[in-house]
Structure formats: C-alpha cells, structure tokens
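So you know, we letter chains A, B, ... as the sequences are listed, proteins then strands, and number each from 1.
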2 protein chains.
Amino acid sequence: MARPPDKTARADLLAAALIEFDEHGVERATVEAITSRAGRSKGAFYLHFESKEAAFLALCESAFAGLGEFIGAVTPSSSLDWGLEALRAHWLETDLRAFEYVWQHRPILRLVLSVGMCGRFAYLVDAFATVARESIARWLEYGVERGFYRAELDIAITSMAIGGAYDRLARELVRLEKKPDLARWLSQFQATFVEGLAARERATKRGQSPTKPRGPAGEEPVAAKTRRASRHAALRG
Amino acid sequence: MARPPDKTARADLLAAALIEFDEHGVERATVEAITSRAGRSKGAFYLHFESKEAAFLALCESAFAGLGEFIGAVTPSSSLDWGLEALRAHWLETDLRAFEYVWQHRPILRLVLSVGMCGRFAYLVDAFATVARESIARWLEYGVERGFYRAELDIAITSMAIGGAYDRLARELVRLEKKPDLARWLSQFQATFVEGLAARERATKRGQSPTKPRGPAGEEPVAAKTRRASRHAALRG
DNA sequence: GCCATTATTGACCGACGAGTCAATAACGAC
DNA sequence: GTCGTTATTGACTCGTCGGTCAATAATGGC
C-alpha cells in the first residue's frame with residue numbers, strides 16, 4: 001500500500017513562504033529558511049513547487065483570486081438607471097468590502113503590494129491595476145453620461161488619479177497594526193473625489209486675490225528633502 | 001609621481017549600474033555585468049563603491065537630490081496671503097517643474113520608483129513620500145484656513161489620496177516613450193482634486209433617482225479580474 | 001514479520017557572484 | 001632608462017543557495 005501524502009505539507013510551506021517573503025523579499029528569502037520554518041524538508045518543497053518563484057506566484061494567485069471578487073467585478077450597463085446618491089452609495093459599499101478583505105488578508109496583500117512592484121514581478125500588479133483603472137474609467141463615463149460628473153473630465157487621467165489614490169490607501173492599510181475606521185476613511189476618500197477640495201461658492205470670490213502666487217500644494221510623491229541630515233545618514237547607512 | 005586617478009571611472013560605473021539595475025533589479029544585477037558594461041574592472045568598482053548596494057544608494061541619492069528641489073521645498077507661511085486662483089497657479093507651476101524633471105530623468109526615476117518599493121530599500125521612498133505628504137497636508141490646511149477648501153476635510157486622508165495619485169502619475173510617466181502633454185495632464189489632475197467629479201448643481205437634482213444602487217466607481221487599485229484567462233496563464237508562467 | 005508502493009528526507013553537488021589582493025600599469029621627476 | 005607613488009586589473013577564493021536523488025520512512029495488505 002502506498003504511503004498517503006501529507007495533507008498539510010503544501011499549506012504549511014506556503015504559510016512559511018509568506019512569512020519569509022514578507023521579511024526578506026522573494027530574491028533574498030531562501031528555500032532553506034522556508035522549509036525550516038515550515039518544519040519540512042527541501043525535498044518536500046520541490047515536490048510541491050517547481051521553484052521558489054513558483055511558490056511566490058501561488059501566493060499571488062490566491063491574493064488576486066480574493067481581490068478579484070471586488071475589483072472590476074461590476075461595471076455599469078447601458079440599462080443601469082441610477083442617481084448620483086445611489087451611485088455613490090454603491091461605490092462606497094464596494095470600497096468597504098474590498099478594503100475589509102485587504103485588512104483581513106494583510107500579510108499576503110503586503111507581500112503582493114511590495115514584491116509585486118519589483119522588476120520581474122511587476123507585471124502581476126500592473127495587470128491588476130489596468131483592470132481596476134478600466135473599471136474606474138467606465139464608471140466615470142457613466143457618471144458623465146448621466147450628467148453627474150463634469151463633462152470636461154479627462155477620463156483616462158482622472159481614472160489614473162483615482163486608481164493611484166486607492167493604491168496608496170491599500171499600501172498604508174496593510175502596514176497598520178490597528179484597524180482604522182474604514183468607513184470613515186473610504187467616505188472621505190470618495191468625498192475628496194466627488195466633491196473636490198473647493199468649498200462651495202465662497203471660494204470663487206476669495207480666489208480673486210491679486211497677490212503673486214508662491215506656494216505649491218500638489219507634490220510629486222516620491223520626493224524628499226535631500227537636505228535632511230537624517231535621511232542622508234540613512235543613505236550612507 | 002603618483003598615477004592620477006581616472007576622472008570618468010566613477011561616472012561610467014554609475015551610468016552602467018543604472019542600466020543594469022533598471023534591467024535586472026538590484027538583487028539580480030551583477031557587479032560583473034556592470035563593470036563589463038562600463039569597460040572597467042571589478043577592482044575599480046570596489047575602489048569607488050563599498051558594495052553593489054552602495055552604488056545603488058548613490059544613484060538614489062542623486063535622484064532624490066534633484067527631486068528635493070521641488071518636493072516639500074516650499075510650504076505656506078502664516079503671512080502668505082493668496083487667493084485660490086493664485087494658490088492653484090503655483091500648485092500647477094510646481095507640478096510642471098517637478099514632472100518636467102521626472103521626464104528628463106526617466107531612467108533613474110524609473111529605477112527608484114521600482115526598486116525603491118522593494119523590502120529592504122522601501123525606507124528610501126517611504127521617507128520621501130512622508131515629506132511629500134506632510135507638505136501637501138500643510139497646503140490643505142492653508143486652503144481650509146483661508147476658506148478655499150471644505151472645512152470638513154480630513155487632512156490626513158485627503159493628503160494620502162493626493163499623494164497616491166501623483167505617485168501613480170509619476171510611475172506612468174517614467175514608462176512612456178513619448179512625452180505626453182504634461183501641462184494638460186497636470187491641469188486635469190489638479191481639477192480632479194480641487195473641483196471634484198461632480199457637475200455643479202445639476203447633479204443634485206438628478207441624484208434623487210429612486211433606483212436601487214448597483215454599480216461601484218471607486219476601486220481597489222491592485223485588483224484584477226481573476227477570471228481573466230490571460231492573467232491566469234501569466235500566473236502559471 | 002515481509003512486501004510493494006509512494007512519500008519524505010537532507011547531505012550533497014555545482015553554479016554563481018561578491019569581494020580580495022598580488023601583479024601589473026601609469027605617471028612625472030630625475 | 002630607473003624610481004617611488006598611486007591606480008587599475010582580473011584570476012582567484014570562498015561562501016551561499018537552488019535544486020537533486022539515493023537512502024530512508026510510512027502505509028495497508030498479506
């Protein structure tokens with residue numbers, strides 16, 4: 001009689017891989033460390049996965065499978081007949097479900113968000129981001145057609161901005177130890193986009209100031225003050 | 001008489017390193033390939049840089065030095081007396097200068113934006129992003145104080161959204177072969193935030209539709225449809 | 001116990017690549 | 001040419017680690 005396979009080996013190895021990848025990145029995580037952490041042998045690892053990269057891809061696959069339930073899953077049909085409030089309510093509801101999922105699966109999402117941005121694996125997250133952006137674009141188009149959104153919107157650029165903002169939100173969320181008030185965060189996010197920054201009507205009058213312009217508000221986000229001594233120390237570290 | 005040092009060695013090596021890092025990532029780029037590309041020896045490499053990582057950090061340092069001229073360089077003082085139009089004009093001007101710099105330095109910015117997101121180097125971009133976000137926050141506070149922006153804005157969350165959006169813009173820009181109309185892009189970006197999506201006044205009336213909500217507009221940006229067969233194929237390599 | 005079948009193991013091999021340093025080269029003064 | 005000083009070189013060392021596979025273990029039937 002053949003020996004039966006160990007039922008938990010693959011899952012044990014994947015769980016250990018997730019931790020090692022999270023701590024060291026895919027390139028620097030070693031199969032030795034993964035197997036040691038899982039209490040398994042290297043041979044067992046290679047029975048289940050063709051390579052270290054294959055284990056990583058398996059983890060990514062499960063992450064994307066979960067997220068795919070939320071992202072780009074629903075797009076507006078031409079027969080959809082909503083008002084702006086209904087649209088916003090559903091936008092918020094979908095956001096909440098998606099980010100609740102992100103919160104509940106922080107380790108693996110953190111992995112995908114960090115490692116997935118690196119050279120040879122970037123295509124994974126790129127594909128995902130493209131789908132998300134296309135979906136956003138379709139909802140923007142719907143909003144414009146219905147007269148809810150400004151007709152002069154550049155759909156491509158605006159969807160890029162919205163996609164980037166939610167991307168940043170996810171990255172911040174997976175790093176937190178304590179769960180924030182997601183409903184509030186997401187409600188504020190949506191308001192930032194739908195309502196904008198401008199206070200209504202009063203801003204137009206105050207905006208006629210003749211004072212010479214001097215200060216910026218929008219910033220390129222990868223910047224830092226190179227003159228910060230502490231960061232120089234870090235670079236030399 | 002001592003032999004004079006080669007004046008271009010270090011720059012040659014850095015230029016070569018940039019290309020190799022861009023193509024292979026820091027972990028997988030080899031000193032052998034870098035030195036071969038630069039027409040220099042491994043010994044020369046180690047004369048100028050303590051390690052491969054040190055060369056990478058030198059590249060990052062120069063990237064941040066350039067960007068630091070734009071990002072977080074100017075913050076509003078209490079004596080600043082601008083109207084909204086002046087504020088927006090300068091926001092746009094600063095964006096233009098920053099993104100012009102990004103465009104002119106695509107290779108190194110592409111490197112920082114990709115590699116800088118990976119585990120052990122993530123702190124570099126994090127520090128930068130933090131400075132940028134704080135700067136955005138200060139400008140938002142200024143706008144609220146002056147009555148230009150909505151008083152109910154959550155500064156922290158809104159600055160996160162804006163920072164993320166510009167981050168995405170930079171990432172898209174460094175990948176392009178042909179320069180887009182930056183002024184238009186940035187103008188649209190700003191409008192997305194300041195004016196918001198909502199059409200003025202008409203949307204409120206149309207928004208009273210009693211139809212049941214069903215479609216989302218805001219999406220979690222790392223998502224994709226896991227049901228896409230082509231992406232499944234990519235995951236399976 | 002033996003048996004056949006399959007699972008699991010970890011010592012081992014060999015490729016790779018970071019980093020070293022003795023040998024060689026470059027330089028102007030004499 | 002020699003000399004002293006410094007720069008540059010690349011063959012080499014050695015540690016790391018991905019992946020292999022013969023040895024061992026686990027299993028139920030007999």
remark   = Separation of D:dT9 atom C1' from B:H48 atom NE2, nearest Å, is 13 Å
request  = Would you mind telling me which of B:V112, B:L18, B:I108 makes a side chain to side chain contact (heavy atoms under 4.5 Å, CB included) with B:S62?
outcome  = B:I108
request  = Using whole Å, report how far CG of A:L47 lies from C1' of C:dG10.
outcome  = 13 Å
ask   = So does A:E23 have more than 12 non-hydrogen atoms from other groups sitting under 6.0 Å from CD?
value = yes
ask   = Roughly, in whole Å, what's the span from CD1 in A:I34 to C1' in D:dC17?
value = 12 Å
ask   = Between B:F99 and B:F70, does the ring centroid distance fall short of 6.0 Å?
value = no
query = For the pair made of CZ in B:R40 and P in C:dA25, what is the distance, rounded to whole Å?
reply = 17 Å
ask   = More than 12 heavy atoms of other residues, nucleotides or ligands under 6.0 Å from CD of B:E53: is that the case?
value = yes
inquiry  = Do the side chains of B:D126 and A:R175 get close enough for a salt bridge, i.e. N-O under 4.0 angstrom?
reply    = yes
ask   = Taking protein heavy atoms under 4.0 Å as touching, what does nucleotides 18-25 of chain D look like 5' to 3' if B marks base contact, S marks sugar-phosphate-only contact and - marks none?
value = BBBB---B
remark   = Within residues 4-18 of chain B, those residues having any heavy atom closer than 4.0 Å to DNA chain D are B:P4, B:P5, B:D6
message = A side-chain contact here means heavy atoms from C-beta on lying under 4.5 Å apart; do B:W139 and B:S135 qualify?
response = yes
inquiry  = Does this structure show an ion pair linking B:K52 with B:E27, if we count only N-O contacts that are shorter than 4.0 Å?
reply    = no
query = If we ignore angles and hydrogens, is there a donor and acceptor under 3.5 Å between the side chains of B:D95 and B:W91?
reply = yes
